[in-house]
Amino acid sequence: MTEVSVGNILANQRQFFQTGETRSTAFRHKALKDFKQTIIRNEQNILAALNKDLRKPVFETYASELSLIINEINTALKYLDKWVKPKKVKSTVPTFPSKNYYLHQPFGIALIIGPWNYPFQLTLAPLVGSIAAGNCSVIKPSEISEASSAVVAKIINEAFDKKYITTVEGDAQVASSLLDQEFDKIFYTGSPAVGQIVMEKAAKHLADVTLELGGKSPCIVDKDADLDLSAKRVLWGKYFNAGQNCISPDYLLVHKDIKQAFYASLEKWINTFFTTDHQSSPDLGRIINEKHYDRLLKFFNDGTLITGGQTDKTELFIGPAILEVTDLDTPVMQEEIFGPILPVVEYSELEEVEEIVARNPDPLALYIFSKDRAKVNRLTTNIPFGGGCINDTVIYIGNHNLPFGGKGSSGIGNYHGKYSFDAFSYKKSIMKRYFRFDPGLYYPPYKNKHTFLKKIFLK
Ligand code: NAD
């Protein structure tokens, strides 16, 4: 895609945005309904694409791609009329008498750049917020999940006019030339390294940004936790989408007193979930490509294999692998794993947990298994992270009433449900004054009028 054609897309969308059509709530309702129907019509295409790209189990596609996005659309359809209402706020002593309110306004043209791991949902769920807020949008799916990228483009093509919403498929270079254009809002999901590039490019036009990034998400298992249930929940969260999940438990910190018992539970549940021949299980996805397969394989050098670890390059298969790690300076404890390898590090005191977690930048997610409220409060308060669960993993993403996002290197801003609408709107503040009364406090000559301000504020 040349710069000229990208420029044309933008010029057409800007022209359409300026007609004001996208601001009508009736238009937004219709767009959301059309979007939903087009997704439902393409259900089989979506399942086939995700099977091709990631051999994603059908259950996982329904649970984490289709259900999530349809729920986002249904939520927006249900609450849109409430969200768009002007929000009244109180007046203050110096601004009395006045009526004060703010409006949620669309930014204009939004660019949404998606990743490959949930290539459908993570690319299209932000679009729900963009439509609800009244923007025009350009979607750039990940080139790595090629089949899903084509389905995203097909759905957008079928549901919308290009002057309103369109897809631009392509690689990093295409993303880069899109970022050179003057968008009003950029919503990016992907790695922290590319997130920095996106923010730098956004700065040129002072575009508003939301960055949904990644990092190393710790999972802490304390000695008083229900070990068997904790092991089951850790494994489910870790092996969903073969661990290629921004919020999957990246590594485990397990209290030394229960480590051996926890290993036994992990092994039991791995073999219960996936039988003892993990490769034959229909419930384990595959690694996205050879590059990531080779990257993941290197992590096996960083610890001692406790259980699992079956691999087959011809199928891009890496089975569940529990790896005991003692050297915190190895890559498996420094890089985001984003795959089915689960390092385990033992700890004795809570201070050690805090020190180990602090070796890497702000996690996107944090999970704690413990019955001790004081310990849970200490960790959830002291550690900076985007979101997480106490006594479970990953499932918090299923509640659209919780804002989803990171902090610092794991992200800027958040979305889902009402927060998506907020992410794609800005607040326009308005004060209405009246002609019938004019207190005259702020007009010259000022003389001693400052004494009034002094009395109100400097006390
Ligand atoms: P990525 O950053 O490599 O790619 C994401 C998107 O950025 C793709 O569309 C790609 O074409 C584009 N891109 C790549 N290089 C670019 C460049 N130089 N300039 C502009 N655009 C460029 O990320 P990925 O490999 O697809 O995803 C993995 C990462 O994403 C992990 O770190 C993971 O934690 C994170 N992630 C975060 C979330 C979240 O919701 N916070 C969700 C999924 C993935």
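First listed ligand is number 1; within each ligand, the first listed atom is number 1.
Of the protein's heavy atoms, Glu336 OE2, 2.5 Å lies nearest to atom 34 (O) of ligand 1. Protein heavy atom at the shortest distance from atom 39 (C) of ligand 1 is Cys246 SG, 3.3 Å. Counting protein heavy atoms only, atom 1 (P) of ligand 1 is closest to Tyr188 OH, 3.6 Å. Looking at atom 8 (C) of ligand 1, its nearest protein heavy atom turns out to be Gly114 O, 3.2 Å.
For Phe404, the closest heavy-atom approach to ligand 1 falls below 4.0 Å.
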ring-ring contact (aromatic ring centres under 6.0 Å, His included) between Phe421 and His104, intermediate numbers included: CA-CA 9 Å; Phe421 173 79; His104 284 98; 5.2 Å; yes
Salt bridge (charged side-chain N to carboxylate O under 4.0 Å, His left out) evaluation trace for Arg359 with Glu355: CA-CA 7 Å; Arg359 290 170 70 96; Glu355 275 166 32; over 6 Å; no
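Using a 4.0 Å cut-off to heavy atoms of Thr189, the atoms of ligand 1 that qualify are 5 (C), 37 (C), 38 (C), 39 (C), 40 (O), 42 (C), 43 (C). Residue-ligand proximity, Glu143 to ligand 1, at heavy-atom distances under 4.0 Å covers atoms 10 (C), 11 (O). Less than 4.0 angstrom separates some heavy atom of Glu212 from each of these atoms of ligand 1: 37 (C), 38 (C), 39 (C), 40 (O), 41 (N).
The shortest N or O to N or O distance between Trp116 and ligand 1 is below 3.5 Å. Residue contacts with ligand 1: Ser410 is placed with no nitrogen or oxygen under 3.5 Å of a nitrogen or oxygen of the ligand (distance criterion only). Taking distance alone, with nitrogen or oxygen atoms compared against 3.5 Å, Gly190 approaches ligand 1 more closely than that limit. Inclusion of Lys140 in the set of residues having an N or O under 3.5 Å from an N or O of ligand 1 is warranted. Ligand 1 has a nitrogen or oxygen under 3.5 angstrom from a nitrogen or oxygen of Leu213. For a threshold of 3.5 Å applied to N or O pairs, the pair formed by Ser191 and ligand 1 contains at least one separation below that value.
Salt bridge annotation for Asp228-Lys232: absent, with no cationic side-chain nitrogen under 4.0 angstrom from a carboxylate oxygen. Salt-bridge annotation for Arg286 and Asp53: absent, with no side-chain N of the basic residue lying under 4.0 Å from a carboxylate O of the acidic one. Salt-bridge formation is not detected for the pair Glu335/Lys216: no Lys NZ or Arg NE/NH1/NH2 atom is positioned less than 4.0 Å from an Asp or Glu carboxylate oxygen. Using a cutoff of 4.0 Å between basic side-chain nitrogens and carboxylate oxygens, Arg378 and Glu354 are scored as salt-bridged.
In this structure the side chain of Phe369 reaches within 4.5 angstrom of the side chain of Val234, judged on heavy atoms. A 4.5 Å side-chain heavy-atom check between Glu169 and Val152 finds every atom pair outside the cut-off. The side-chain heavy atoms of Ile390 and Tyr367, taken from C-beta on, include no pair separated by under 4.5 Å.
If you look at Ile113 next to ligand 1, the close heavy atoms, those under 4.0 Å, all belong to the side chain. Counting heavy atoms under 4.0 Å from ligand 1, residue Tyr118 does not touch it at all. With a 4.0 Å heavy-atom cut-off, ligand 1 is reached by the side chain of Leu364 but not by its N, CA, C or O. Of the heavy atoms in Ile247, none comes closer than 4.0 Å to ligand 1. Contacts with ligand 1 closer than 4.0 Å are made by no heavy atom of Asn245, backbone or side chain.
Taking only non-hydrogen atoms, the option from Leu178, Ile139, Val194 nearest to atom 17 (C) of ligand 1 is Val194. Among Thr123, Ile197, Leu179, the residue whose heavy atom sits closest to atom 18 (N) of ligand 1 is Ile197.
When each of Ile69, Ile39, Asn51 is checked for a side chain to side chain contact (heavy atoms under 4.5 Å, CB included) with Ile46, only Ile39 meets the rule.
Annotation: ring-ring contact (aromatic ring centres under 6.0 Å, His included) contacts involving residues 158-192, sequence neighbours excluded, comprise Phe27-Tyr164, Phe35-Phe160, Phe160-Tyr164, Phe187-Tyr415, Phe187-Phe424. A salt bridge (charged side-chain N to carboxylate O under 4.0 Å, His left out) check over residues 120-129, counting only residues at least two apart or in different chains, returns nothing.
When ring centroids are compared, Trp116 and Phe338 come within the 6.0 Å threshold.
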